[in-house]
Amino acid sequence: MIGISARVYDLDGHVVVQELDGSELDTFSRRISVTATLDGGVAVEDRGHAVSDRPFTISARSRSAAERAALKRLIETYAELTLCTADGAFLAAPQSFILGAAELTLAFRIKGVLSG
C-alpha cells in the first residue's frame, strides 16, 4: 500500500492506493559518465547514487470515481507530495497521471527522503 498526501493541510489531500505488480518502486541508477579517451579507451566517472535518481511509477486499480478524482486533484494542485511506502516516506514531485480503462498509472520523481 502507498499513501499519497499533500504537504500542507488539505481535508481531502490524502489517498491510499494498493499498487499492482507492474509498479516500479525499486528502480534506481547511478550517476555515471563515460568519456572516450584518445588512446581508444574510456574514462568512467562514478558519482554514486542519490535518492533523486529513483523514479517511482505506481500502477494501481482505482476503487472508485472519488479516488480517481482525488488523485487527479492532488497531482494537478500540488508541486510536492508526500509518498509513504514500505521503504519510508519521500518528498516527491508528481510527473504524470494516466487513467486507463482498468487501471491508473502515477509517476513521481523523488526529491528527498523524509524517513527511512
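Every heavy atom of this structure was used, including side-chain atoms; hydrogens, water molecules and symmetry mates were not. On a predicted model such as this, the values are computed, not experimentally measured, just so you know.
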Student: Are side-chain heavy atoms of Thr82 and Leu114 found at a separation under 4.5 Å?
Tutor: yes
Student: At what distance, to the nearest 0.5 angstrom, does CD1 of Ile4 lie from SG of Cys84?
Tutor: 10.0 Å
Student: Taking the ring of Phe108 and the ring of Phe90, is the distance between their centroids below 6.0 Å?
Tutor: no
Student: After noting the C-alpha distance and the side-chain angles of Val17 and Ile58, does the key distance pass the side chain to side chain contact (heavy atoms under 4.5 Å, CB included) rule?
Tutor: CA-CA 9 Å; Val17 296; Ile58 302 167; 4.3 Å; yes
Student: Could you tell me which residues satisfy side chain to side chain contact (heavy atoms under 4.5 Å, CB included) with Asp10, sequence neighbours excluded, listed by chain and number?
Tutor: Ala6, Asp12, Arg73, Tyr78
Student: Report the C-alpha distance between Leu106 and Thr57 in whole Å, list the side-chain angles of each, state the deciding distance to 0.1 Å, and finish with yes or no for side chain to side chain contact (heavy atoms under 4.5 Å, CB included).
Tutor: CA-CA 6 Å; Leu106 306 163; Thr57 303; over 6 Å; no
Student: Looking only at heavy atoms, which two atoms of Thr105 and Ser59 are closest? And how far apart?
Tutor: OG1-OG, 4.0 Å
Student: With clusters built from Ile, Leu, Val, Met, Phe, Trp and Tyr whose side-chain heavy atoms come within less than 4.5 Å, directly or transitively, what are the remaining members of the cluster of Val16, listed by chain and number?
Tutor: Met1
Student: Are Leu81 and Leu74 side-chain neighbours, meaning at least one heavy-atom pair lies under 4.5 Å?
Tutor: yes
Student: Which atom pair, heavy atoms only, marks the closest approach of Arg7 to Glu80?
Tutor: CG-O, 3.4 Å
Student: Applying a strict under-4.5 Å side-chain criterion to I, L, V, M, F, W and Y, I'd like to know whether Leu83 and Ile98 cluster together.
Tutor: no
Student: Can you name the nearest heavy-atom pair linking Ile110 to Ala92, along with the distance?
Tutor: CD1-CB, 4.0 Å
Student: Got Ile32 and Glu45 here, is their nearest side-chain heavy-atom distance under 4.5 Å?
Tutor: no
Student: Which is it for Thr85 and Asp87 under the side chain to side chain donor-acceptor pair (under 3.5 Å) test, yes or no, and what are the steps along the way?
Tutor: CA-CA 5 Å; Thr85 71; Asp87 292 337; 4.6 Å; no
